[in-house]
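Report on the following structure.
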Amino acid sequence: MPTAAAPIISSVQKLVLYETRARYFLVGSNHAETKYRVLKIDRTEPKDLVIIDDRHVYTQQEVRELLGRLDLGNRTKMGQKGSAGLFRAVSAFGVVGFVRFLEGYYIVLITKRRKMADIGGHAIYKIEDTNMIYIPNDSVRVTHPDEARYLRIFQNVDLSSNFYFSFSYVLSYSYDLSHSLQYNLTVLRMPLEMLKSETTQTRQESFDIFEDEGLITQGGSGVFGICSEPYMKYVWNGELLDIIKNTVHRDWLLYIIHGFCGQSKLLIYGRPVYVTLIARRSSKFAGTRFLKRGANCEGDVANEVETEQILCDASVMSFTAGSYSSYVQVRGSVPLYWSQDISTMMPKPPITLDQADPFAHVAALHFDQMLQRFGSPIIILNLVKEREKRKHERILSEELVAAVTYLNQFLPPEHTIIYIPWDMAKYTKSKLCNVLDRLNVIAESVVKKTGFFVNRPDSYCSILRPDEKWNELGGCVIPTGRLQTGVLRTNCVDCLDRTNTAQFMVGKCALAYQLYSLGLIDKPNLQFDTDAVRLFEELYEDHGDTLSLQYGGSQLVHRVKTYRKIAPWTQHSKDIMQTLSRYYSNAFSDADRQDSINLFLGVFHPTEGKPHLWELPTDFYLHHKNTMRLLPTRRSYTHWWTPEVIKHLPLPYDEVICAANLKKLIVKKFHKYEEEIDIHNEFFRPYELSSFDDTFCLAMTSSARDFMPKTVGIDPSPFTVRKPDETGKSVLGNKSNREEAVLQRKTAASAPPPPSEEAVSSSSEDDSGTDREEEGSVSQRSTPVKMTDTGDSAKVTENVVQPMKEVYGINLSDGLSEEDFSIYSRFVQLGQSQHKQDRSSQQLCSRCPDGVIKLTPISAFSQDNIYEVQPPRVDRKSTEIFQAHIQASQGIMQPLGKEDLSMYREYIRNRYL
């Protein structure tokens, strides 16, 4: 009987494309190159895509023989060695998809990747480079004059800019990037009885005669492997893979997300804790700043991003044995029909409500989606201005209040939408108010209502010493931990600067609760100017810069330091430059970017005889389907929610175990030694040579290396408040050194550089104009040695001999204090008592007869301590193994069991068959 469920790892992680005149052969293998699959792509069809997948798993020897026969059979003359019939076209790491404009199909391959994060042993990669290959042969190609222009528009979507995938996710892999950590671990905790009822018929997917052999007879060695369907709202290549989804094996399908991914290491007295930030940008109603505002007719809003912060104890990798916690929040445009006309060339175009919606139909669809994915309560933090001389942003606030008030009157009182209006711009201008203090109060109330996810029950210390804030925490408490129910939805007008600062404050509050739940701090509270908060703030600034570049065309204008009012005067000029950059991008380049996004996502399909993409006056009709055809009957104006969703609140319906959700899972039964479920081999890869220089965990940002002061004697805790001149970043000196450090610390988001000694608390946009990143380098931040010129040589010589106090933390020439001397005296007395006990025990043992040992109790402790050690108890199974080992040395062999025979058969099949 299987005893556990495990995520399924794909068997297609490396690809090689081979070419003949008539066909392409795409050969995919796992990382160990022990299992192979082959796709055959026809090149003789000018406009149709013909792909054949035999769904057979090949060995390395079988693939070599197959390629040899193809090479021999495609030569121009039999036996001629000079002209090869099979060419190796390109090596890749995955298939982004297939696309067609007006001629034949193209295949898009990932040719370069970079590791960005680890979650439970599952690697997350960023796409560094791609290759787009035309499939039909030149002899059958039918040319079209507009094909090149469509190709150029499609390639304007830079796939090397913040697109992520994982060899551990979605249908073909073991960690789903489109879902939250809470969802993925909830799937793995499903009862085994339900998994057995949902096990798929694997014999239909493979011709391997060993596929199910021995699974029924081998007893407890079977393991259920699980993978789930991706959440298509956050998948960006779903349209590109749709044509082959039902034709090829699921291992070929590689879904990618767009947004941000960053990871840093928090060292707590040597204990590594990974802090990961993942942002998923919605592919529905996607676009640029002024061209995509509000919502479409299906309830999808512009600039919708789901941000998840994951905290994990890196000392234990397994999802089942490790400690993991996550918190999710959302940003998105105000869910109304509104827009801004940019033809007036004004910095702030007037806001216009395009359609009257008295029954809040669009808002109802949007909040129904949120209830299904996140549960209740849905909390809206509206940062839009409320008091203006001329109505501008206030138009949105008034309409949003009316919509929420209307929808709440039909919801049950315990599940109503919570609306929090707060004019952040007004508080920022006031000299008497502290913006972040007020945001901290809001964050505390929000986290208490939604709770957070953690996969382990409350620690014993929190039960012994309960905290008042911890007892008031919301969410759902289950035997295996806690679940987050509900979500915070933050918005301003653009959902960029103000929203990012507000999300940072909520994330900082949630991070304190996450650390407390894992037993890493004694109180759920974090203060500014600590190494932990500095590390988290830098992650959030990279996150904000990336999302701002994608939607607004520039980096953040206002940062956390701006709202703390500690940014230097030089920051104002940089804010002006970012504002001008954003205005230029919105006015001159956003239209081309919008066309590229529409073409990439399949919103627009080029068709012969119809207007081209660049001939359309607007894309409004492409994103609002109700303008092109009649939609089904509208929902009830009062019961605006999905009935199944409201029944299971406050839990999210997507995570409820029901028949509809079980259909989204693919369950398969494996031997427990199969490579598809062996995450240990996938992560550590014992079959290849590893180098410490290439190890990702050593290269990522570390609180001890990049933030902790280098002076000995200072408290190494990352939760200690530091002065600005004590931080590890303050060793960065002149401009050239800063630029050298930035080359190493820049992530995929063109993150801002570290501050200087004079401007430690400045915004991190200094000298970003000359930043470059080495191709394929690992994202890291290191502290370089400060270089000095000849004029500073005298100062350097003076500081060579450092005082003893600074080196050792104490002055050895001074006498001991009374407190230190009393501690030392007690330590000496403790040692003398130990020697007395040892001598007494020896005398007692000498009086005992041979073979009899008396253990004298010298402590009231029942567990092991420094005075006595309890011998470990050996279980029956271990005793039998030891006895069998002794008998084997004497030539007495034990009969092989079913499990041993199954293991041997599997070894022979993988090695020789």
Side-chain angles (χ1 to χ4, degrees), residues 12 15-28 37-56 66-67 70 73-74 85-90 92 94-111 130-155 157 159 171-172 204-205 207 232 235-256 595-596 598-613 622:
V12 178
L15 301 176
V16 179
L17 185 67
Y18 294 94
E19 175 187 359
T20 66
R21 289 187 58 85
R23 291 179 181 84
Y24 276 123
F25 293 91
L26 192 61
V27 180
R37 292 185 181 273
V38 179
L39 276 184
K40 184 169 65 174
I41 307 172
D42 192 3
R43 301 185 63 195
T44 60
E45 290 291 337
K47 291 189 176 182
D48 294 331
L49 181 64
V50 179
I51 294 182
I52 299 175
D53 181 13
D54 58 9
R55 305 204 175 204
H56 178 66
L66 175 63
L67 296 178
L70 291 173
N74 284 277
L86 188 70
F87 300 92
R88 179 170 177 150
V90 65
V95 180
V96 175
F98 297 83
V99 63
R100 177 182 175 270
F101 308 122
L102 296 173
E103 296 181 5
Y105 276 90
Y106 297 83
I107 180 174
V108 185
L109 298 174
I110 301 171
T111 57
T130 58
N131 196 352
M132 200 167 177
I133 300 174
Y134 189 68
I135 294 177
N137 201 329
D138 293 338
S139 60
V140 299
R141 182 170 186 172
V142 180
T143 60
H144 194 282
D146 295 318
E147 179 75 10
R149 186 168 183 178
Y150 275 114
L151 180 62
R152 188 166 57 252
I153 293 175
F154 183 87
Q155 291 177 337
V157 176
L159 286 173
L171 282 172
S172 55
Q204 298 178 0
E205 299 181 359
F207 299 130
M232 298 306 297
V235 172
W236 276 64
N237 64 332
E239 187 71 22
L240 302 179
L241 293 175
D242 190 61
I243 191 171
I244 65 169
K245 184 170 61 175
N246 300 323
T247 305
V248 303
H249 191 271
R250 62 177 181 271
D251 282 1
W252 292 101
L253 304 178
L254 185 67
Y255 295 99
I256 62 176
D595 288 344
S596 301
N598 290 339
L599 188 62
F600 184 85
L601 293 177
V603 178
F604 176 84
H605 294 278
T607 306
E608 191 73 32
K610 291 188 177 181
H612 296 297
L613 179 61
L622 301 177

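Note that this is a predicted model, so its numbers are computed, not measured. Excluded from the calculations below are hydrogen atoms, water molecules and symmetry mates; all remaining heavy atoms, backbone and side chain alike, are included.
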- Message: If the condition is side-chain contact (heavy atoms from CB on, under 4.5 Å), which residues does K47 pass it with, not counting sequence neighbours?
- Response: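 Once residues adjacent in sequence are excluded, the partners of K47 under the side-chain contact (heavy atoms from CB on, under 4.5 Å) criterion are R100.
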Side chains of [X] and [Y], heavy atoms from C-beta outward: is any pair under 4.5 Å?
| X | Y | answer |
| --- | --- | --- |
| E239 | L601 | no |
| H144 | E608 | yes |
| F25 | L66 | no |
| W252 | I244 | no |
| E45 | L49 | no |
| T247 | D53 | no |

- Return the orientation label for the Y150 and F101 ring planes: parallel under 30°, perpendicular over 60°, tilted otherwise.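 If you compare the ring of Y150 with that of F101, the planes turn out parallel.
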[atom1]/[X] to [atom2]/[Y] distance, rounded to the nearest 0.5 angstrom?
| X | Y | atom1 | atom2 | result |
| --- | --- | --- | --- | --- |
| H249 | D54 | NE2 | CG | 11.0 Å |
| D595 | F604 | CG | CZ | 9.0 Å |
| N74 | Y18 | CG | OH | 14.0 Å |
| L240 | W236 | CG | CH2 | 11.5 Å |
| I51 | I243 | CD1 | CD1 | 7.5 Å |

Does [X] reach the main-chain N or O of [Y] with its side chain, forming a donor-acceptor pair under 3.5 Å?
| X | Y | result |
| --- | --- | --- |
| E19 | A89 | no |
| S596 | I153 | yes |
| N237 | L254 | yes |
| N137 | R43 | no |
| T111 | L109 | no |

- Task: Report the residue from I110, V96, V90 that forms a side chain to side chain contact (heavy atoms under 4.5 Å, CB included) with N131.
- Result: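 Going through I110, V96, V90 one by one, the side chain to side chain contact (heavy atoms under 4.5 Å, CB included) with N131 is satisfied by V90 alone.
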- side-chain hydrogen bond (donor to acceptor under 3.5 Å, both in side chains) against D242, all qualifying residues, sequence neighbours excluded: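 Here no residue qualifies.
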- Test side-chain contact (heavy atoms from CB on, under 4.5 Å) applied to I135 and I107, step by step: CA-CA 7 Å; I135 294 177; I107 180 174; 4.2 Å; yes
